[in-house]
Amino acid sequence: MQATTIHFVRHGEVHNPDHILYERLPGFHLSDRGRRMAEATARYLAANPQTNTAAAVYSSPLDRTRETAQAILTALNETRTARNEEPLELVTDQRIIEAGNNFRGTRIGHGEGALWRNGNWKLVTNLWKPSWGESYRQIAARVGAFAQEKVREHAGQQIIVVSHESPIWSYRHLLETGHPEHNMLLRHTALASVTSITYDSQTGNVMSITYVDPAAGVK
């Protein structure tokens with residue numbers, strides 16, 4: 001039986017001193033700590049005998065994910081060069097982008113973004129179903145479509161996909177429970193963590209899901 005494993009990596013910490021809900025806004029880059037987190041996860045992936053054979057690296061098109069992916073590519077390509085293999089190049093895909101959010105560009109609790117202003121409270125009355133933006137079902141569906149396409153395209157291989165907390169967890173929750181709806185406060189997707197999902201390459205069925213947090217100790 002051929003198996004394909006997709007390693008979903010969450011980006012590192014973002015520099016955001018004003019605490020803006022940046023969502024899909026441009027110009028939000030990794031912080032210094034975020035770069036160290038990305039590098040820690042990159043070293044982990046490059047040292048692992050499975051992940052350092054990855055056939056491709058994909059990323060959400062946003063700054064923070066591309067920067068995290070670039071750290072991973074740098075580490076993997078050093079290993080590939082030592083094996084006389086061609087370097088990998090980053091490929092971006094819109095389907096693994098951050099969730100859409102109606103609070104984009106605001107500070108929750110401040111100004112126009114305050115939950116008690118402009119009827120904003122109505123958008124967060126149910127944490128299981130985000131009425132404040134893209135639904136968990138929509139998020140999981142687009143990530144799932146991407147995953148199934150890549151399972152077929154990379155049959156029997158390992159690939160690395162750098163995305164965001166909500167897309168990774170919504171998709172994982174769907175696979176594990178049969179529904180993507182969840183309490184956003186109970187997600188298990190740390191910054192720069194790796195959620196690895198292994199599929200039967202022929203059927204696309206999930207065989208296993210594992211999780212590791214290589215950047216947990218980064219200060």
Side-chain angles (χ1 to χ4, degrees), residues 6-47 51-52 54 56-80 87-113 130 132-134 139 142-143 146 159-172 184-185 187-196 211-219:
I6 302 180
H7 303 277
F8 287 95
V9 179
R10 185 184 175 192
H11 62 80
E13 181 186 82
V14 175
H15 179 66
N16 184 22
D18 295 325
H19 305 288
I20 301 295
L21 185 59
Y22 41 76
E23 193 235 28
R24 299 178 182 176
L25 293 175
F28 284 88
H29 302 276
L30 294 181
S31 65
D32 290 342
R33 178 171 178 258
R35 285 191 289 272
R36 292 193 297 272
M37 296 174 87
E39 290 164 359
T41 296
R43 288 192 297 271
Y44 167 82
L45 294 171
T51 51
N52 71 19
V57 177
Y58 295 90
S59 171
S60 154
L62 298 178
D63 295 322
R64 56 194 183 273
T65 42
R66 288 190 292 105
E67 290 165 0
T68 302
Q70 191 56 58
I72 293 169
L73 274 174
T74 298
L76 287 180
N77 283 338
E78 288 178 358
T79 301
R80 292 177 66 85
L88 298 175
E89 295 185 0
L90 181 62
V91 179
T92 60
D93 196 297
Q94 193 75 19
R95 290 172 293 180
I96 50 176
I97 200 170
E98 178 64 285
N101 195 305
N102 294 334
F103 287 115
R104 176 177 56 252
T106 65
R107 293 178 63 194
I108 297 299
H110 299 272
E112 295 301 308
W132 57 87
E134 187 180 15
I139 297 166
R142 58 177 167 82
V143 177
F146 167 86
I159 68 170
I160 294 169
V161 176
V162 186
S163 186
H164 308 265
E165 181 180 37
S166 183
I168 296 171
W169 185 258
S170 297
Y171 178 54
R172 176 181 175 177
M184 62 185 293
L185 302 178
R187 292 171 179 163
H188 191 51
T189 317
L191 290 164
S193 62
V194 184
T195 300
S196 301
Y211 174 84
V212 65
D213 185 5
V218 174
K219 303 299 182 183

Of all residues at least two apart in sequence or in a different chain, which pass the salt bridge (Lys or Arg N to Asp or Glu O under 4.0 Å) check with [X]?
| X | value |
| --- | --- |
| Glu39 | none |
| Arg36 | none |
| Arg24 | Glu134 |
| Asp93 | Arg95 |

Output yes when a side-chain donor or acceptor of [X] lies under 3.5 Å from a complementary backbone atom of [Y], and no otherwise.
| X | Y | result |
| --- | --- | --- |
| Arg35 | Leu30 | yes |
| Ser163 | Ile168 | no |
| Asp63 | Gly27 | yes |
| Thr68 | His11 | no |
| Arg43 | Ala75 | no |

> Under the side-chain contact (heavy atoms from CB on, under 4.5 Å) test, which residues partner Pro87, sequence neighbours left out?
Replying inline: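 Checked Pro87 against side-chain contact (heavy atoms from CB on, under 4.5 Å); matches are Asn77.
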
>> Among residues at least two apart in sequence or on other chains, which ones pass side-chain contact (heavy atoms from CB on, under 4.5 Å) with Glu23?
In response: Glu98, Asn101, Arg104

> Given Thr195 and Tyr171, is the side chain to side chain contact (heavy atoms under 4.5 Å, CB included) satisfied, shown in steps?
Replying inline: CA-CA 11 Å; Thr195 300; Tyr171 178 54; over 6 Å; no

>> For a side chain to side chain contact (heavy atoms under 4.5 Å, CB included) check, start with the C-alpha distance between Arg64 and His164, then their side-chain angles and the critical distance, and finish with the verdict.
In response: CA-CA 9 Å; Arg64 56 194 183 273; His164 308 265; 3.5 Å; yes

So which atom in [X] and which in [Y] form the shortest heavy-atom distance, rounded to 0.1 Å?
| X | Y | result |
| --- | --- | --- |
| Ser166 | Ile139 | OG-CD1, 3.5 Å |
| Val143 | Pro167 | CG2-CB, 3.8 Å |
| Ala40 | Pro214 | CB-O, 4.2 Å |
| Ala69 | Ser59 | CB-CB, 3.9 Å |

Any side-chain heavy atom of [X] sitting closer than 4.5 Å to one from [Y]?
| X | Y | result |
| --- | --- | --- |
| Gln94 | Arg142 | no |
| Tyr44 | Val212 | yes |
| Gln70 | Arg66 | no |

> Would Ser31 and Glu13 satisfy side-chain hydrogen bond (donor to acceptor under 3.5 Å, both in side chains), going step by step from the backbone distance to the final call?
Replying inline: CA-CA 6 Å; Ser31 65; Glu13 181 186 82; 2.7 Å; yes

> Can Tyr22 and Leu62 be said to form a side chain to side chain contact (heavy atoms under 4.5 Å, CB included), step by step?
Replying inline: CA-CA 11 Å; Tyr22 41 76; Leu62 298 178; over 6 Å; no

Separation between [atom1] of [X] and [atom2] of [Y], rounded to the nearest 0.5 Å:
| X | Y | atom1 | atom2 | result |
| --- | --- | --- | --- | --- |
| Tyr58 | Ile160 | OH | CD1 | 12.0 Å |
| Thr65 | Ile96 | OG1 | CD1 | 7.5 Å |
| Ser170 | Glu165 | OG | CD | 9.0 Å |

> Taking Thr51 as the fixed residue, which of Ile72, Val194, Leu45 is the one that meets the side-chain contact (heavy atoms from CB on, under 4.5 Å) rule?
Replying inline: Leu45

> Looking at Val161, Leu88, Ile159, Val9, which one forms a side-chain contact (heavy atoms from CB on, under 4.5 Å) with Val57?
Replying inline: Leu88

>> Show, in sequence, the C-alpha distance, side-chain angles and deciding distance for Thr41 and Arg10, and conclude whether the side chain to side chain contact (heavy atoms under 4.5 Å, CB included) test is met.
In response: CA-CA 10 Å; Thr41 296; Arg10 185 184 175 192; over 6 Å; no

> Parallel, tilted or perpendicular: which describes the rings of His188 and Tyr211, with under 30° parallel and over 60° perpendicular?
Replying inline: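 The arrangement is tilted - the two ring planes meet at 30° to 60°.
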
